[in-house]
Amino acid sequence: MSAFVGKYAEELIKTAKYIATPGKGILAADESTGTIGKRLASINVENIELNRQALRELLFTSPNALSCLSGVILFEETLYQKTSDGKPFVEVLEENGVVPGIKVDKGTVELAGTNGETTTQGFDSLGARCSQYYKAGARFAKWRAVLKIGPTEPSELSIQQNAQGLARYAIICQENGLVPIVEPEVLTDGPHDIKKCAAVTETVLAAVYKALNDHHVLLEGTLLKPNMVTPGSDSPKVAAEVIAEHTVTALRRTVPPAVPGIVFLSGGQSEEEATFNLNAMNKLEVLKPWTLSFSFGRALQQSTLKTWGGKKENIGKAQEAFLARAKANSEASLGNYTGGSGTGLASESLFVKGYKY
Amino acid sequence: MSAYKGKYYDELIANAAYIGTPGKGILAADESTGTIGKRLSSINVENVESNRRALRELLFTAPGALQYLSGVILFEETLYQSTAAGKPFVEVLKEGGVLPGIKVDKGTVELAGTNGETTTQGLDGLAQRCQKYYEAGARFAKWRAVLNIGSNEPSQLAINENANGLARYAIICQENGLVPIVEPEILVDGPHDISKCAEVTERVLAAVYKALNDHHVLLEGTLLKPNMVTPGSDSKKVAPEVVAEYTVRALQRTMPAAVPAVVFLSGGQSEEEATLNLNAMNKLQGKKPWTLTFSFGRALQQSTLKAWAGKEENIPKAQAALLTRCKANSEATLGTYKGNATLAEGAAESLHVKDYKY
């Protein structure tokens, strides 16, 4: 057969389409325990379960923010957590029309013989794990593959391994009722220009979609989470319109129309940068057969985190900051963002060299 | 780089987009000397140059027909022929707003060790030939790869070889100013059902677009000429709406939006069948970021050929038959065909020939 049509086929298509609702996007709140520790440390908050729970409760109960979201990606621990009132987070999300998602990869490992390139692990018992997550209320999953640009990177091995990995993960998800978000992140690190990023992104995406086809993945029941096409971190910045043009061209050349939505990662971009770029893409007058929206982690949470500072009395203000970013990105996904909705915090670059989740 | 950006970049994009103009399509009049011979013999006409020229003049000067065409694919001989009055065919077409195209492949050869599967030849000196054709006025090219469905077919070898061949041909064309029409034809022969055809078509198209990407082909300056997704020739027919659904879905799953248009081949379908199927596709609701139009040979010429029968006094009748089919297919590209085109003799006749060799 070409596309696998198992018992969840209709549901997968429906869920993927819903997540791609224009005007909505995804909050990536799936930081692993180690990673969220770094975030908490940056605001002098101890990395204990209670605080991790408090942060996520702050986000998920922000008044009016959930209406800007169609999905939230969770880390395994969070999938089973509750509000301080005892209400499961999954219920809070579901009641507000937000689909719970789950990060299922187990991080990256280096490919021997390469220059620090990686592949992603997480296949062992993945089917069984997906089945468990489905029972707990998750309806989509995420798996992050990482590639980098260098004089000899990404290598053919790295492209093949990561594309194959994404395809295996994707089909296993679909067999178990979860819409796979396919994330082939090409890191911004480097002195390369935007054309180099475009070329690499197109090559990687072409390999990814060939692999998805080989593995019989049902494209209508998937989402793509790519990097935007930008100059390297050590290269001069360009206007949002230039990023929009290069990014949309790359996607038009590689992403089949059967894919309902594209939800960008923000990489190291500041909150405001990411929103402006997304907005420019949606304003671009060219045919785009998929929606273009956000799946932001840092670019949705940065100001919120700083405003909270771990203090209960700051929760209200922090939730307002979160709403502001959620609303801004919702508008950007419709090409209606007019800018200036952030504080100075919103313009702060979030780039960390060699960023490890 | 990802996509090759040579000196013809803007021109390729403009020409490919023009060929995909809604309401227009392509007349495939590129039958090789051997193949046109079979057509001519079916109406008892001798296969000599003057007759081949006369037929093509009939087609290209049919009153009112050229407005429904954005391109005509020619065989090499025809590219250099003229009307009886001495006007080069290329000029006739250009004046009619029709881009001249050229078939550049040199037919298929069998792949040893397979069950009669083939690859296509014609890469030797292709660059020089494309340059010559460009100078003669051609602005697009065509190369036909052939695959078939069987118990073990298409094999991975056949898919890889044909995809790679199409990609090499495509980039060489673009280096020399010709928009490549990429034609991976999956033959309709066989007892398989429409789902099987869909599965194979999706697999083949995915391989083709991966190869095009590997070879740095500029997708915005290409066209795709695929088979429609249908049941096999020995299988029960289905309604045009079903053909439309399976075909469009296969394209949605494999064809990037950067490609401006799909120009379907008609295979062995009758003139009317091909038109109704194309029409159904254009009526279908759903994501179609490319134009869906025609590149028909037999399905545009069958009735015309029969009406002409090689006789000068039949020319107006024959030209009227061509106009009818061109107009019908033009409407089909807009989803407005009502199926009431005057059915000339032969329009409903199946044109399927088992194991058809061009």
Side-chain angles (χ1 to χ4, degrees), chain A residues 1-5 13 17 20 156 159-160 163 167 186 192-222 229 246 248-262 284 286-292, chain B residues 1-5 13 17 20 156 159-160 163 167 186 192-222 224 229 246 248-262 286-292:
Chain A
M1 69 194 81
S2 70
F4 169 69
V5 180
I13 293 174
K17 199 149 177 249
E156 187 59 26
I159 295 175
Q160 286 314 316
V186 176
H192 55 272
D193 63 15
I194 194 171
K195 292 209 184 304
K196 176 68 178 178
C197 178
V200 170
T201 301
E202 288 174 29
T203 302
V204 168
L205 289 178
V208 167
Y209 282 99
K210 178 59 166 68
L212 293 178
N213 181 279
D214 288 343
H215 287 258
H216 310 297
V217 176
L218 176 69
L219 293 187
E220 294 88 338
T222 66
V229 176
H246 281 77
V248 174
T249 297
L251 299 170
R252 276 170 50 84
R253 288 175 174 177
T254 54
V255 184
V259 178
I262 296 177
L284 207 60
V286 78
L287 212 152
K288 295 164 279 185
W290 359 251
T291 56
L292 299 176
Chain B
M1 74 195 77
S2 71
Y4 169 70
K5 194 167 179 170
I13 295 175
Q156 197 57 50
I159 294 176
N160 291 346
I186 298 162
H192 56 270
D193 63 15
I194 194 170
S195 292
K196 178 69 177 177
C197 178
E199 178 210 320
V200 171
T201 301
E202 289 174 27
R203 199 150 59 99
V204 168
L205 290 180
V208 167
Y209 281 100
K210 178 60 164 70
L212 293 178
N213 181 279
D214 289 343
H215 287 257
H216 309 298
V217 176
L218 175 70
L219 294 187
E220 294 89 335
T222 64
L224 181 73
V229 176
Y246 278 79
V248 172
R249 186 167 56 217
L251 296 169
Q252 285 172 339
R253 288 175 172 178
T254 54
M255 216 176 85
V259 181
V262 182
K287 286 192 282 190
K288 293 171 291 182
W290 355 254
T291 334
L292 300 174

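So you know, we letter chains A, B, ... as the sequences are listed, proteins then strands, and number each from 1.
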Exceeds 12 heavy-atom contacts within 6.0 angstrom, atom NZ of A:K17: no
Residue A:K196 excluded, over 12 heavy atoms near NZ under 6.0 Å: no
Among the listed options B:R253, B:E202, B:K210, the residue most often paired with chain A at heavy-atom distances under 4.5 Å: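 Of B:R253, B:E202, B:K210, B:R253 has the most heavy-atom pairs under 4.5 Å with chain A.
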Closest-packed option against chain A by number of heavy-atom pairs under 4.5 Å, given B:K288, B:R203, B:E220: B:E220
Contact origin within [X] toward chain B - heavy atom pairs under 4.5 Å:
X      : value
A:L218 : side chain
A:A250 : neither
A:V200 : neither

Proximal component of B:A250, with respect to chain A [non-hydrogen, under 4.5 Å]: neither
Donor-acceptor pair, side chain of B:W290 and main chain of B:M255, under 3.5 angstrom: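 A pair under 3.5 Å: yes.
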Pair A:V248-A:L292, side-chain contact (heavy atoms from CB on, under 4.5 Å): steps then yes or no: CA-CA 9 Å; A:V248 174; A:L292 299 176; 4.1 Å; yes
Candidate list A:I262, A:V208, A:L219, test side chain to side chain contact (heavy atoms under 4.5 Å, CB included), partner A:V255, passing option: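 Exactly one pass, corresponding to A:I262.
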